[in-house]
Amino acid sequence: MTNRFSLALHGGAGTILRSKMSPEKDADHRAGIQVALAAGHAVLSKNGSAMDAVVATVCALEDNSLFNAGRGAVFTSAGKQEMDAAVMDGATRSVGAVAGIFGPRNPVCAARAVMDTTDHVLFGGAAAIEIARNAGLPFEDADYFYTDARWQALQETLRLRAEGRESDDPARRHGTVGAVARDMHGNVAAATSTGGMTAKAPGRIGDTPVIGAGTFADNESCAVSATGHGEVFIRYCAAHEISARMRFAGQSLADAAQHVVMEDLAKNDGSGGLIAVDRAGNIAMPMNSEGMYRGCVTEDGQFKTFIYADE
């Protein structure tokens with residue numbers, strides 16, 4: 001038992017430049033990060049579990065339309081929204097994940113319901129929706145999830161494709177939110193949620209609900225939540241690779257995370273970043289993109305927010 005707890009979150013990575021960020025947009029994103037950190041901190045400071053903390057944190061991000069998850073989810077090429085989410089408890093390696101769902105207000109809670117109410121790990125589509133309904137989770141209609149900014153992003157991407165081009169902004173490939181925490185009992189947990197890629201193929205599933213790729217937690221090493229080019233993160237088992245380097249190569253969290261992000265991923269078109277916390281409460285937030293919305297709670301209780309790579 002220790003009094004130390006740690007919390008970190010991310011809200012997506014990509015081409016995030018100061019020169020293209022208005023003061024208002026900068027402030028709005030930092031405020032959203034602060035609100036989400038406060039939600040998780042409220043759990044941990046009352047001796048709550050790491051799992052409860054990461055779910056509360058991600059719910060706050062899903063409720064904010066600025067981030068690509070829940071209310072702010074992007075649209076598929078067919079003009080629909082398909083959301084993925086996952087949670088993992090490092091103390092027991094219990095897992096819950098959902099893929100390709102629409103309706104539950106907080107997809108991360110649907111993932112939690114899979115973990116808490118079934119003997120399985122991952123459900124997709126209608127079966128996942130049924131689990132969410134049986135768990136009594138709140139649902140919303142299409143108007144709640146619609147945002148004009150996401151719709152216009154879809155139209156722009158479709159126009160570019162019609163011209164035989166693709167957007168050069170990697171953020172179109174990896175908008176995701178996530179949280180990792182270490183509670184006072186020394187347990188770690190991770191939660192991740194996403195709307196996927198703008199104009200993705202209907203039915204496409206990225207790394208978020210793939211355990212060991214975009215989400216992973218183990219008390220013996222660390223908890224990880226990733227945001228990146230999902231196909232590459234899956235191929236390189238990004239989240240688990242950090243844990244493996246810590247366990248088998250004796251690397252620190254910082255060294256293991258840095259190697260995976262800068263060597264395994266960056267050199268193979270795996271743009272993005274991740275957040276991680278180890279069993280001692282140390283935090284790492286590496287990225288190979290120009291920016292990543294992220295934040296953490298320090299030992300003295302201060303909430304810190306970051307956006308750009310040089311922060």
Side-chain angles (χ1 to χ4, degrees), residues 10-17 19-22 24-25 28-29 32 61-85 98-105 107 124-126 128-129 140-178 192-210 213-214 226-235 265 268-273 288-293 307:
H10 69 76
T15 305
I16 306 169
L17 304 175
S19 60
K20 296 184 178 180
M21 182 79 76
S22 69
E24 293 78 15
K25 187 176 180 181
D28 287 346
H29 279 86
L61 293 167
E62 289 176 334
D63 290 343
N64 188 328
S65 62
L66 291 174
F67 302 102
N68 177 17
R71 194 172 193 180
V74 299
F75 290 88
T76 71
S77 60
K80 304 296 183 181
Q81 290 164 301
E82 298 176 356
M83 305 172 203
D84 309 328
V98 293
I101 69 169
F102 179 82
R105 178 187 180 100
I129 293 297
E140 301 289 350
D141 58 21
D143 288 344
Y144 172 84
F145 293 105
Y146 175 89
T147 61
D148 190 61
R150 300 302 190 199
W151 184 254
Q152 293 306 321
L154 170 65
Q155 304 313 309
E156 180 184 355
T157 301
L158 293 178
R159 282 194 296 270
L160 288 171
R161 287 184 181 176
E163 298 169 1
R165 298 186 293 150
E166 288 286 343
S167 171
D168 59 1
D169 182 0
R172 295 288 176 90
R173 293 190 297 188
H174 45 71
T176 309
V177 306
T192 316
S193 179
T194 187
M197 302 162 61
T198 300
K200 67 181 179 181
R204 177 265 184 186
I205 298 167
D207 63 310
T208 290
V210 178
T227 171
H229 187 178
E231 283 71 11
V232 181
F233 278 60
I234 293 172
R235 291 172 190 142
L265 298 174
N268 294 285
D269 194 32
S271 59
N288 58 42
S289 53
E290 288 85 352
M292 179 170 71
Y293 300 110
I307 296 177

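Under the rule for a side chain to side chain contact (heavy atoms under 4.5 Å, CB included), the partners of Ala99 that lie at least two apart in sequence or sit in another chain are Asp84, Leu122, Ile205, Pro209. Arg161 is linked by a salt bridge (charged side-chain N to carboxylate O under 4.0 Å, His left out) to Glu166, counting only residues two or more places apart in sequence or in another chain. Partners of Asn268 under the side chain to side chain contact (heavy atoms under 4.5 Å, CB included) rule, at least two apart in sequence or in another chain, are Val232, Tyr236. Legend: residues meeting salt bridge (charged side-chain N to carboxylate O under 4.0 Å, His left out) with Glu163, ordered by chain and number and at least two apart, are Arg165. Considering only residues two or more places apart in sequence or on other chains, Phe67 meets the ring-ring contact (aromatic ring centres under 6.0 Å, His included) condition with His29. Residues meeting the side chain to side chain contact (heavy atoms under 4.5 Å, CB included) test with Glu82, sequence neighbours left out: Thr76, Lys200, Pro202. Under the side-chain hydrogen bond (donor to acceptor under 3.5 Å, both in side chains) criterion, Thr208 pairs with no residue, sequence neighbours left out.
Here the CD-CH2 distance, from Glu156 to Trp151, works out to 14.5 Å after rounding to the nearest 0.5 Å. Rounding to the nearest 0.5 Å places OG1 of Thr192 at 5.0 Å from NE2 of His10. From Ser77, atom OG reaches atom CZ of Arg204 across 12.0 Å, with rounding to the nearest 0.5 Å. One distance of note links CG of Asn68 with OG1 of Thr176; it measures 6.5 Å at 0.5 Å rounding. Between the OG1 atom in Thr227 and the CZ atom in Phe233 there is a gap of 7.0 Å [rounded to 0.5 Å]. Note that OH of Tyr146 and OG of Ser65 are 12.0 Å apart. Values are rounded to the nearest 0.5 Å.
Here the closest heavy-atom approach between residue Asp207 and residue Gly228 is recorded as OD1-O, 4.2 Å. Between Ser193 and Pro107 the shortest heavy-atom distance is OG-CB, 4.1 Å. Minimum interatomic distance between Ala128 and Val98 (heavy atoms only, all atoms of both residues): CB-CG1, 3.8 Å. Across all non-hydrogen atoms, the minimal contact from Ala199 to Leu158 is CB-CD2, 4.4 Å. Minimum interatomic distance between Leu154 and Gly79 (heavy atoms only, all atoms of both residues): CD2-CA, 3.9 Å. Residues Pro104 and Ile129 come closest through the heavy atom pair CD-CD1, 3.5 Å.
Residue pairs meeting the salt bridge (charged side-chain N to carboxylate O under 4.0 Å, His left out) criterion with at least one member in residues 140-154, sequence neighbours excluded: Arg105-Glu140. Under the salt bridge (charged side-chain N to carboxylate O under 4.0 Å, His left out) criterion, no residue pair touches residues 68-77, with sequence neighbours excluded.
At least one donor-acceptor pair closer than 3.5 Å links the side chain of Gln81 to the backbone N or O of Phe145.
Under the 4.5 Å side-chain criterion, counting only non-hydrogen atoms from C-beta, Phe75 is not in contact with Lys80. The side-chain heavy atoms of His229 and Arg235, taken from C-beta on, include no pair separated by under 4.5 Å. The shortest distance between side-chain heavy atoms of Asn288 and Leu265 falls below 4.5 Å.
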